[in-house]
Number of protein chains: 2
Amino acid sequence: MSGRELTREFFLGFIKLHILHHAAQEPVCGVDLAEELGRHGYELSPGTLYPTLHALNRAGYLKQHDRTVHGRRRKYYVATDAGSAALERGKAQARELIREILDNDD
Amino acid sequence: MSGRELTREFFLGFIKLHILHHAAQEPVCGVDLAEELGRHGYELSPGTLYPTLHALNRAGYLKQHDRTVHGRRRKYYVATDAGSAALERGKAQARELIREILDNDD
DNA sequence: AACTTCGATATCGCGACGCGATATCAAGAT
DNA sequence: ATCTTGATATCGCGTCGCGATATCGAAGTT
């Protein structure tokens, strides 16, 4: 396993939390997320993004509804209550991570 | 994929960063990490912990050296320069995550 | 209505991971 | 030498990551 691949493993969870976060604020579709994540320095190929959305959907964290935009069919996702709850737990853990590895590095 | 499994996926990266963080502060061995991570609410079975340490070692992020403690052979790991650099990148990304999903949830 | 286009989403295949269960290893005691 | 026990290592199977590829569907063209 290369360093680059390992480093990516560090962040895959971050990316999923990001997705949940955005879906908790407004309906988002695949391309929106790909672009938004790109702005945060992440890259997510379709082969990862869409299966991830499906998994979040199956887990009951996201709810899907189709919409047609500019003649293109898009699948929008919004966070469910369970998804928002999972996001909150994720935030709590992220806070804990920060406290542990960031705050006390004097 | 269940919600529980998905939630775990969120945190696997956190756990690996935690490991790198501790190894950057002092030599740590498997059991030390299992206990320390447990204090932070994480659980990591041997089947995940040891292969993870080996992967970090192979990637050049950790350096291993054996030591005998209380009649038990232990393998201690410390972060290399490359490991510390990867940790710093991880911290930067964690900060970014925090800014995005924590700070502006008013 | 059939065809074409093309943005958006979906799937395939293979390598690698997660992890419970199991096995192996090593130092001290007897 | 054997047993004990803590520590580490590995196996096997299900699943994931993801580049490459395929499919879908709405609008325009004819």
Side-chain angles (χ1 to χ4, degrees), chain A residues 1-20 22-23 27-38 42-59 61-78, chain B residues 1-20 22-23 27-38 42-59 61-78:
Chain A
M1 178 189 291
S2 76
R4 176 163 186 74
E5 290 158 350
L6 242 184
T7 295
R8 177 149 191 89
E9 285 182 12
F10 294 163
F11 303 143
L12 278 172
F14 289 17
I15 291 177
K16 292 178 182 178
L17 286 172
H18 249 120
I19 291 176
L20 213 43
H22 288 301
V28 287
C29 68
V31 286
D32 291 347
L33 287 168
E35 185 183 353
E36 172 65 20
L37 290 171
Y42 300 115
E43 294 198 4
L44 204 55
S45 81
T48 302
L49 174 58
Y50 291 105
T52 295
L53 289 174
H54 300 165
L56 287 165
N57 193 48
R58 283 199 311 276
Y61 287 176
L62 294 182
K63 188 178 54 179
Q64 174 196 94
H65 65 100
D66 295 17
R67 195 195 297 175
T68 296
V69 177
H70 297 129
R72 304 298 165 202
R73 184 169 129 290
R74 287 180 174 177
K75 300 197 172 174
Y76 279 81
Y77 297 89
V78 292
Chain B
M1 177 191 292
S2 76
R4 178 165 183 74
E5 291 159 349
L6 242 184
T7 296
R8 177 147 190 90
E9 285 182 11
F10 294 164
F11 303 142
L12 278 172
F14 289 18
I15 291 177
K16 292 177 181 178
L17 286 172
H18 248 120
I19 291 175
L20 213 43
H22 288 302
V28 287
C29 69
V31 286
D32 291 347
L33 286 169
E35 185 184 352
E36 172 66 19
L37 291 171
Y42 300 115
E43 294 196 5
L44 204 55
S45 81
T48 302
L49 174 57
Y50 291 104
T52 295
L53 289 174
H54 300 164
L56 288 164
N57 193 48
R58 283 199 312 276
Y61 287 176
L62 295 182
K63 188 178 53 180
Q64 173 196 94
H65 64 101
D66 296 17
R67 196 195 297 175
T68 295
V69 177
H70 299 128
R72 303 299 165 204
R73 184 171 119 288
R74 287 181 173 178
K75 299 197 172 176
Y76 279 80
Y77 297 89
V78 292

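These numbers come from the heavy atoms of this one structure, side chains and all, not from hydrogens, waters or symmetry mates.
Considering only the side chain of B:Thr48, C:dG18 comes nearest among C:dG18, C:dA10, D:dA9. Comparing D:dG17, C:dG18, C:dA8 against the side chain of A:Tyr50 picks out C:dA8 as the nearest.
The aromatic rings of B:His22 and B:His18 lie parallel to each other, their planes meeting at an angle below 30°, with 60° marking the opposite boundary.
If you measure from atom CG of B:Leu6 to atom C1' of D:dC16, you get 11 Å, rounded to the nearest angstrom. For the pair A:Ile15 CD1 and D:dC16 C1', the computed distance is 14 Å after rounding to whole Å. Rounded to a whole Å, the OH atom of A:Tyr42 is 17 Å from the C1' atom of D:dG17. Rounded to an integer number of Å, the gap from A:His65 NE2 to C:dT9 C1' is 16 Å. As rounded to whole Å, 15 Å separates atom C1' of D:dG6 from atom CG of B:Asp66. The nearest whole Å value for the distance from the CZ atom in A:Arg8 to the P atom in D:dG17 is 9 Å. Atom NZ in B:Lys75 sits roughly 8 Å away from atom C1' in D:dA9 (whole-Å rounding). Rounding to whole angstrom units, CD1 of residue A:Ile19 and C1' of D:dC16 are separated by 14 Å.
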I'd like a list of close polar pairs between nucleotides 23-25 of chain D and the protein, N/O only, cut-off under 3.5 Å.
{"residue": "D:dG25", "atom": "N2", "partner": "A:Arg72", "partner atom": "NH1", "Å": "3.0"}

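Note that the CZ atom of B:Arg74 and the CG atom of B:Asp32 stand 5.5 Å from one another [nearest 0.5 Å]. Rounded to the nearest 0.5 angstrom, B:Glu9 CD and A:Leu12 CG are separated by 8.5 Å. The CD1 atom of A:Ile19 lies 10.5 Å from the OH atom of A:Tyr77; values are rounded to the nearest 0.5 Å.
Nucleic acid contact for B:His54: sugar-phosphate only, since backbone atoms but no base atoms lie under 4.0 Å from a heavy atom of the residue. If you check every strand for non-hydrogen atoms under 4.0 Å, B:Leu49 touches nothing.
Between B:Ile15 and B:Thr48, the closest side-chain pair of non-hydrogen atoms is not below 4.5 Å. A heavy-atom distance below 4.5 Å is found between the side chains of B:Arg67 and B:Pro27.
With a 6.0 Å radius and a threshold of 12 heavy atoms from other residues, nucleotides or ligands, B:Glu43 has its CD atom at or below the threshold.
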